Amino acid sequence: MPNLGPTELIIIGVILILLFGAKKLPDAARGLGRSLRIFKAETSKLRDDDEAGAPAATVVQAQPQAAPAPQPLPTAPAAQASVEEQARALEEQAAKLRAQAGAAKPQ
């Protein structure tokens, strides 16, 4: 593939100005620059996480930590709740949490 010289770059620039207009090109370049800056920051964070995560993973595997005890499900005081009742209770709790989360979101 041949190298692009100054005349080819000028022709490409003129075609871009004719296609997109002089007003939209700076906005498009600004948006592209922001996108590239964000992409570069995210990829560097991923690399840092990978480098920092490898030694920490070996330490965690060498010294396993005890998992926190799960909280007991609310049950009926007289008898143990059936699976269906437990599922219904969980669905009610999930609905309450969804309602709280929906009320907390500003719209």
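Residue indices begin at 1 and follow the sequence shown. Note that this is a predicted model, so its numbers are computed, not measured.
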With E42 via side chain to side chain contact (heavy atoms under 4.5 Å, CB included) - residues at least two apart |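 Per chain and number, E42 pairs via side chain to side chain contact (heavy atoms under 4.5 Å, CB included) with I38, K45.
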Please name all residues satisfying side chain to side chain contact (heavy atoms under 4.5 Å, CB included) with I11, sequence neighbours left out, ordered by chain then number.
->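 Expected list: I15.
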I12 and its side chain to side chain contact (heavy atoms under 4.5 Å, CB included) partner, picked from L16, V14, I10 =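 Exactly one option meets the side chain to side chain contact (heavy atoms under 4.5 Å, CB included) with I12, and it is L16.
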Return each pair, listed once, that meets side chain to side chain donor-acceptor pair (under 3.5 Å) where at least one residue sits in residues 5-26; pairs must be two or more places apart or across chains.
->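 Every pair satisfying side chain to side chain donor-acceptor pair (under 3.5 Å) with a residue in residues 5-26: there are none.
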Under the salt bridge (Lys or Arg N to Asp or Glu O under 4.0 Å) test, residues paired with R30 that sit two or more places apart |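 For R30, the residues satisfying salt bridge (Lys or Arg N to Asp or Glu O under 4.0 Å) (neighbours in sequence not counted) are D27.
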Could you give the distance from CG (L25) to CG (L19), rounded to the nearest 0.5 Å?
->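 One finds 9.0 Å between CG of L25 and CG of L19.
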Enter the distance from Q93:CD to E91:CD here, rounded to the nearest 0.5 Å.
->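 Separation between the atoms: 11.0 Å.
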Members besides L36 in its Ile/Leu/Val/Met/Phe/Trp/Tyr cluster (side-chain heavy atoms under 4.5 Å) |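 Under the 4.5 Å side-chain rule, L36 groups with L32.
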